[in-house]
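Each residue takes its place number in the sequence, starting with 1. Below, all heavy atoms of this structure are taken into account, side chains as well, without hydrogens, waters or symmetry copies.
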Amino acid sequence: MNTDFDLLIIGGGINGCGIARDAAGRGLSVCLSEMNDLASATSASSTKLFHGGLRYLEYFEFRLVREALIERENLLRAMPHISWPLRFVLPYHESMRFDTTTPTSKLMNLAMPWMKGQRPAWLIRLGLFIYDHLGGRKILPATSSLALTTAPEGKGLNSKFVKAYEYSDCWVEDARLVVLNARDAEMRGADIRVRSKVISAEVKSGIWHVEMECSRTRAISTVTAKMVVNAGGPWVGDVLRTAMRSNSQSDVRLVRGSHIVTKRLFDHDKCYFFQGTDGRIIFAIPYETDYTLIGTTDQDHEDFSIKPICTPEEQEYLINFINSYLAEPITVDDIIWAFSGVRPLYDDGASSASAATRDYVLKLDESLGAPSLNVFGGKITTYRCLAESALEEIKKVLPVSAKPWTAGVALPGGDFAVDGVEALLAHVKQRFPFLAEQTALRLVRGYGTEVSAVLGHAKTRDDLGQDFGAELFAAEVEWLMDKEYAQSAEDVVWRRSKLGLRMEQKQIAVLDQWIKDRLTAGNIAAAE
């Protein structure tokens with residue numbers, strides 16, 4: 001069959017971009033279509049952790065946890081600029097309770113009914129022992145115990161917490177992870193189309209004919225493909241019904257996860273794993289140097305077309321939750337920013353949003369006359385494994401001879417040692433001595449070994465062009481537009497970076513107009 005592409009991937013979140021990268025690296029011709037910006041929905045609204053999911057052990061999700069734990073270190077090696085190890089402090093108190101829906105809580109209630117739903121310290125320690133050893137940990141340090149009455153991690157906490165456990169997981173810049181996967185896919189031959197909505201996908205004579213509409217120009221284009229991968233995230237069911245006109249069951253459960261950001265609450269760079277008396281957990285994580293990220297909630301979100309927001313009720317819930325741990329309570333007035341995303345989980349019939357599986361499910365469908373693959377669920381930590389599994393499904397209907405290749409292979413800018421950030425930062429500061437310390441670190445954490453390519457041959461600040469605020473210079477914005485698909489100020493200050501926390505609205509408005517003018521000038525030049 002003669003087609004424009006082997007694969008047409010719908011959805012520019014982490015799953016779609018991860019599959020595009022893997023497939024392009026195996027020699028398949030790939031086109032990815034995203035109706036908005038890359039990572040514009042779920043993938044930029046996560047808790048931003050590469051983690052095994054300690055609480056999933058209570059659901060006996062051992063395969064998922066093991067896969068995620070193994071992946072932490074694979075991913076650290078591939079992206080040491082946007083991902084790094086963190087230590088998590090888990091304070092213990094006898095008032096902590098299970099979620100009553102978990103298999104572990106049901107077993108404990110049956111075997112030890114006098115515990116009345118408590119999470120005993122020995123069970124937490126057992127879980128952490130399993131967590132340390134289930135994934136073949138090599139880089140990250142093991143669990144240890146803390147006496148909060150004397151340890152600095154106890155400062156700022158309620159005095160009733162006297163004991164804690166400390167374990168390892170990892171941070172990741174989630175939206176940048178998506179963009180870098182897309183860039184790597186493009187470097188390997190993929191065609192990445194942002195703001196290009198699939199409005200129709202129809203099979204004719206065994207070939208997919210896919211119509212897309214450009215959101216900026218409203219121009220319609222058509223491509224042909226041997227196979228469609230539906231990685232639409234929260235829209236996976238809508239793509240099935242509306243664009244692909246399929247009667248297949250969508251099997252997706254939408255769960256809203258909301259977060260709040262406050263001023264920095266603790267004088268160290270460790271995270272907290274807080275257990276609630278309602279059986280839920282939240283994290284309090286150092287964020288963008290001067291802030292603390294708190295979340296997340298788990299609420300069913302019925303309508304994918306309604307933009308998720310962190311509701312006043314969710315904000316109050318998170319504030320009350322963390323206040324049960326803090327020595328000095330905070331209020332909703334301390335919230336600097338709030339965000340929310342919808343997780344498209346596989347609908348396994350769980351009784352609550354918290355209990356719904358975080359595992360992924362891939363469904364190959366040939367009923368429409370040409371093959372398609374529908375992606376349900378998943379978590380950011382296992383995106384690369386999901387992509388490999390997707391290629392195993394694709395191999396059933398398309399010739400794919402190349403073997404899996406992505407484990408540990410660096411993303412753009414990540415080609416340096418896991419512990420090499422300080423050395424790279426020193427090099428950048430020597431090469432560009434006019435940069436502020438915080439700006440140099442931000443650039444290293446964002447671009448890794450590509451910082452010099454971003455800033456070019458600049459000798460002074462003036463060589464970097466206009467400063468839009470918070471030391472965001474025109475040179476960086478040009479890179480983001482030319483190399484990383486950015487087309488608006490929102491793309492730049494809330495996804496490619498989090499400089500929106502530090503910039504004024506009028507500065508962001510100036511940036512947005514500058515980007516529009518540059519896009520217009522580029523279109524005129526292309527037309528001429």
Side-chain angles (χ1 to χ4, degrees), residues 1-35 37-39 43 71 74-75 77-79 82 175-196 198 201 207-208 210 212 221 223-233 239 360 362 364 370-375 378 380 382-415 448 450 453 482-486:
M1 294 183 294
N2 293 320
T3 59
D4 298 320
F5 301 98
D6 295 320
L7 292 183
L8 187 288
I9 300 173
I10 303 173
I14 189 55
N15 290 338
C17 291
I19 294 170
R21 180 195 184 216
D22 194 330
R26 299 199 205 196
L28 295 178
S29 57
V30 177
C31 178
L32 182 144
S33 176
E34 164 56 45
M35 64 180 177
D37 182 30
L38 297 176
S43 295
E71 273 302 281
N74 276 333
L75 299 173
R77 293 186 181 95
M79 55 198 79
I82 63 168
R176 290 208 57 72
L177 174 66
V178 177
V179 171
L180 293 182
N181 269 272
R183 275 197 63 212
D184 199 61
E186 184 176 58
M187 291 162 65
R188 298 174 190 276
D191 183 350
I192 307 296
R193 304 188 184 190
V194 298
R195 291 175 172 79
S196 179
V198 170
I207 294 174
W208 285 101
V210 183
M212 309 175 196
S221 60
V223 301
T224 57
K226 297 173 184 174
M227 184 174 185
V228 164
V229 176
N230 176 10
V239 170
Y360 55 84
L362 307 174
L364 184 64
S372 62
L373 182 68
N374 299 301
V375 180
I380 198 165
T382 54
Y383 87 90
R384 193 195 64 81
C385 297
L386 183 152
E388 281 192 350
S389 297
L391 266 295
E392 289 302 308
E393 295 298 311
I394 291 167
K395 282 169 64 176
K396 295 176 181 178
V397 291
L398 294 183
V400 181
S401 57
K403 296 179 180 179
W405 63 275
T406 57
V409 176
L411 287 171
D415 51 336
E450 292 191 317
D482 296 342
K483 302 291 187 181
E484 297 194 7
Y485 319 100

Can you find a pair of side-chain heavy atoms, one from [X] and one from [Y], that are under 4.5 Å apart?
X	Y	answer
Leu411	Arg21	yes
Ser372	Trp208	yes
Trp405	Asp22	yes
Val375	Ile19	yes
Val178	Glu34	no
Lys226	Ile207	no
Val210	Ile10	no

Salt bridge flag under 4.0 Å for residues Lys396 and Glu393:
yes
Passes side-chain contact (heavy atoms from CB on, under 4.5 Å), Leu28 versus Leu391? Steps please.
CA-CA 10 Å; Leu28 295 178; Leu391 266 295; 4.1 Å; yes
Pick one: which of Asn2, Asp4, Thr3 meets side chain to side chain donor-acceptor pair (under 3.5 Å) with Thr224?
Asp4
Take Tyr360 and Ser389 through the side-chain hydrogen bond (donor to acceptor under 3.5 Å, both in side chains) test and state the conclusion after the steps.
CA-CA 10 Å; Tyr360 55 84; Ser389 297; 3.3 Å; yes
Derivation and outcome, side-chain hydrogen bond (donor to acceptor under 3.5 Å, both in side chains), residues Asn181 and Tyr383:
CA-CA 11 Å; Asn181 269 272; Tyr383 87 90; 3.2 Å; yes
Residue pair [X] / [Y]: nearest heavy atoms and the distance that separates them:
X	Y	answer
Ala185	Ile192	CB-CD1, 4.4 Å
Val397	Pro371	CG2-CB, 3.8 Å
Arg26	Pro404	NH2-CA, 3.5 Å
Met212	Ser33	SD-OG, 3.8 Å
Pro412	Leu180	CD-O, 3.6 Å
Ser29	Asp6	OG-N, 2.7 Å

So, taking the atom named [atom1] in [X] and the one named [atom2] in [Y], what distance separates them when rounded to the nearest 0.5 Å?
X	Y	atom1	atom2	answer
Asp191	Ile9	CG	CD1	11.0 Å
Ile394	Leu7	CD1	CG	4.5 Å
Leu364	Met227	CG	CE	5.0 Å
Leu362	Asn230	CG	CG	11.5 Å
Glu388	Lys403	CD	NZ	13.0 Å
Leu8	Arg193	CG	CZ	8.5 Å

From the list Arg176, Lys483, Arg183, salt bridge (Lys or Arg N to Asp or Glu O under 4.0 Å) with Glu450 holds only for Arg183
